[in-house]
Amino acid sequence: MTSDATVRRQTLFWLAATALVLFAGIGLRYPWPADEPRFAQIAREMVESGQWLFPTRGGEYYPDKPPVFMWLSALFFQLVGNLKLSFLLPSVLASIGTLWLVHDLGRRLWNAQTALFAVLVLAFTPQFLLQGKAAQIDALVTFWITLGCYGLLRHFLTGPHWRWYFVSWVAMGLGIMTKGVGFLPLLMLLPLALWSNAPPCAAPRLSPEGGTAPAARQSRFHGACWSWRLLLGVPVMLAVIALWLGPMLWQVHSVGTDTMVAYRNDLLFRQTGERFVNAWHHVKPWHYFFTQAIPVVWFPLPIVMLVLIKPLVALLRQDAKLRVLLAWVGLVLLFFSISSGKREVYIFPALPMLSLVVAVLWVNGRELPLAKKLDGFFRWLMPVIAALLMALGLLMWLAPGRLPGKLQDYTDIVGAVAAPLTGLGVALIVVLLWLRRSDLFVRLAAASLVGWLFVALLVWPRVDPYRTPKDMMQAVEQHLPPGAELGLIAFKEQFLLFSQRPLTHFSYLAPLLQQEQNAWIWMREAPNRHLLVPTDGELGCFDVSRAVSLGEAHRREWVLLGPDAVRPTCGTPARLQRFHYQPVTNGVLP
């Protein structure tokens, strides 16, 4: 048996190692499409304009998400002064916070060994580090949701802890202000109502005559954790949301511009209820999460749970805490499966609680014959994967012409990652040999962390030039005459990040035809105006034969249209729209 002191030291090591890997690579790459440049640019504009209440992208309101993630991104940008160094910090710190909450729950609800294995599960499950090292909203909303679950579990399973109960409602409010699904901890109240009637929450009721009431008259809803005070959580959550929603609605009411009203309606209605009920993109079948997403982003957790299904069922019968967590995970998966719109990141908030379930299962079942067979399977599979990575890297390096056709379409990137991929394969083989006598979860976590170190420190810097339009925007500056104005059509948010001059665009969300017609009007209003456009769209208002090619970015060719490319006539846009953005800070520029 491993002593508690040894387990604590091991847990501290893995917490520190995972945090180190989460921080690794910061400052070595710029924001990458699809989402990162958008949020980085919004944060930049908040700092430049001083207007934080209505997020803007190139001067145009951005209504797709509530503002908390953008606020944090802007705060770190303001503190650090460079988006290349700051844009990943919200996700990194949120992931570390989630890691600590899961560890602390494992220790309090079960034991130090469970806490250790829960940390390992998060370290090797692909989705955790993938989101922790990406500047997307999901790592932050997962932290708020995990904190909400943490507060409820502390109150109902180790309580009563009314302070933690109300913290959970604060976390839900902040979660809703980050992404609409921040209320998901509420789903935990159902399994808690069914199974939280164990001590200490099931405090005995006193009979009118004194003493303890008969067991038949005891009610789980009259324990020390259940009282009318539970209802106060709702106004706490609403008060937190009102700190943002109140000023925003008042501003819309008092100023009342059409764009503000459209922002409010889009954010509060179209991007929430309508998007859930009638999704207009990412439409997937009802079983998508179970048959396509989970087997990949949560690998190998489904295998572990299926192999040890009988021990899991036995543990669920014995342990009400485990039933609460797994039931909540199931409710979250069911909730997202109801909507027609589905993405892998939607189910990420369920992973932290599932990691505790898997940790309890492994602590209690790793000595079983089936677990040993599973260990043997991965003992064979992991070196094979490492060898295949090494072989693929050598093939990219020495014989790129033999690669499959799809890989040959990315010749530059293939050449950039060949050496790191070869080195990663070698490093994984060395690590697996070194840890060959260690527990399966330790080997999986070590391989995962080593892999992400290679990606962050060696792959990111090599691939970065191919994932940004930095060189193309520099070419724009070389081709534009002094004092020229630049307009954009069908652009990417990264163009805003790398622009060195004022930009005009014609609504990021407008159809291409409407953007083109508005751009035609803008071009005719003054001389020395130029337009940056992709070549994959059909333009009727401009003579593309007079375009100047600037090369490729985001797998599209971009060209510069000058005044001589403007045709004499063009249709009238359905709506006159233009937005002006003038960079103030250097942003991500070196």
Side-chain angles (χ1 to χ4, degrees), residues 66 68-69 72 93-110 115 118 122 137-198 200-202 220-221 223-245 320-332 335 347-357:
V68 166
F69 179 80
L72 284 177
L93 296 175
S95 298
I96 293 173
T98 299
L99 197 69
W100 183 87
L101 290 172
V102 167
H103 157 260
D104 196 61
L105 271 179
R107 181 179 62 85
R108 292 177 182 275
L109 296 182
W110 287 280
L122 289 180
I137 288 179
D138 302 279
L140 182 62
V141 76
T142 295
F143 168 73
W144 296 128
I145 290 172
T146 305
L147 180 59
C149 293
Y150 178 92
L152 293 178
L153 293 169
R154 284 291 306 271
H155 175 69
F156 287 105
L157 299 184
T158 70
H161 289 297
W162 287 102
R163 187 173 299 175
W164 276 114
Y165 173 77
F166 291 116
V167 166
S168 73
W169 287 89
V170 171
M172 282 186 267
L174 291 170
I176 292 171
M177 292 164 57
T178 303
K179 196 174 183 178
V181 297
F183 64 85
L184 285 175
L186 282 176
L187 298 177
M188 191 169 279
L189 290 175
L190 178 59
L192 283 171
L194 293 173
W195 297 310
S196 68
N197 58 328
C201 279
R220 62 175 63 95
F221 298 103
C225 296
W226 297 88
S227 78
W228 64 269
R229 281 187 289 178
L230 293 176
L231 300 176
L232 296 179
V234 176
V236 168
M237 180 183 71
L238 294 178
V240 171
I241 298 173
L243 294 175
W244 154 67
L245 197 59
K321 303 186 297 294
L322 211 60
R323 293 198 296 273
V324 168
L325 267 61
L326 192 57
W328 180 79
V329 171
L331 289 171
V332 171
F335 172 81
I347 61 173
F348 182 44
L351 179 60
M353 295 301 107
L354 183 64
S355 70
L356 286 165
V357 174

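The first residue of the sequence shown is numbered 1, and numbering continues consecutively from there.
Taking every heavy atom of both residues into account, Val141 and Gly175 meet most closely at CG2-O, 3.9 Å. Counting all heavy atoms, side chain and backbone alike, Ala115 lies closest to Gly106 at CB-C, 4.0 Å. Between Gly148 and Ser168, the closest heavy-atom pair is O-CB, 3.1 Å. Here the closest non-hydrogen pair linking Ala139 and Ala94 is O-CB, 3.6 Å. The minimum heavy-atom distance linking Val102 with Pro352 is given by the pair CG2-CB, 3.5 Å. Contact record, Leu152 with Pro185: CD1-O, 3.3 Å, taken as the closest heavy-atom pair.
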* Asked: Taking it one step at a time, do Leu105 and Lys321 satisfy side-chain contact (heavy atoms from CB on, under 4.5 Å)?
  -> CA-CA 11 Å; Leu105 271 179; Lys321 303 186 297 294; over 6 Å; no

* To do: Decide yes or no on side-chain contact (heavy atoms from CB on, under 4.5 Å) for Leu243 and Met177, but give the supporting numbers first.
  => CA-CA 10 Å; Leu243 294 175; Met177 292 164 57; 5.5 Å; no

* Check against side-chain contact (heavy atoms from CB on, under 4.5 Å), Val332 and Ile347 -> CA-CA 7 Å; Val332 171; Ile347 61 173; 5.7 Å; no

* Could you please spell out the steps behind the side-chain contact (heavy atoms from CB on, under 4.5 Å) verdict for Arg108 and Leu153? => CA-CA 10 Å; Arg108 292 177 182 275; Leu153 293 169; over 6 Å; no

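Under the 4.5 Å side-chain criterion, counting only non-hydrogen atoms from C-beta, Ile145 is not in contact with Met353. Contact check for Leu325 versus Val329: no side-chain heavy atoms found under the 4.5 Å cut-off. Side-chain contact check for Leu326 versus Leu354: some heavy-atom pair is nearer than 4.5 Å. Using a 4.5 Å heavy-atom cutoff, the side chains of Leu147 and Val167 are in contact. A heavy-atom distance below 4.5 Å is found between the side chains of Leu186 and Leu189. Under the 4.5 Å side-chain criterion, counting only non-hydrogen atoms from C-beta, Leu351 is in contact with Phe348. Side-chain contact check for Leu101 versus Phe143: some heavy-atom pair is nearer than 4.5 Å. Between Val357 and Leu322, some side-chain heavy-atom pair lies under the 4.5 Å cut-off.
Across Trp226, Tyr150, Trp328, a single residue satisfies ring pair (Phe, Tyr, Trp, His ring centres under 6.0 Å) together with Phe156, and that is Trp226.
Between Ile137 atom CD1 and Thr142 atom OG1 the span is 11.0 Å, to the nearest 0.5 Å. In this structure, Leu192 CG and Leu157 CG are separated by 5.5 Å, a value rounded to the nearest 0.5 Å.
The side-chain hydrogen bond (donor to acceptor under 3.5 Å, both in side chains) analysis of residues 171-181, with sequence neighbours excluded, yields the pairs Asp138-Lys179, Trp144-Thr178.
For Arg163, there are no side chain to side chain donor-acceptor pair (under 3.5 Å) partners two or more places apart in sequence or in a different chain.
Trp169 has its ring centre no less than 6.0 Å from the ring centre of Phe166.
At distances below 3.5 Å, at least one donor-acceptor pair connects side-chain atoms of His155 with backbone N or O atoms of Cys225.
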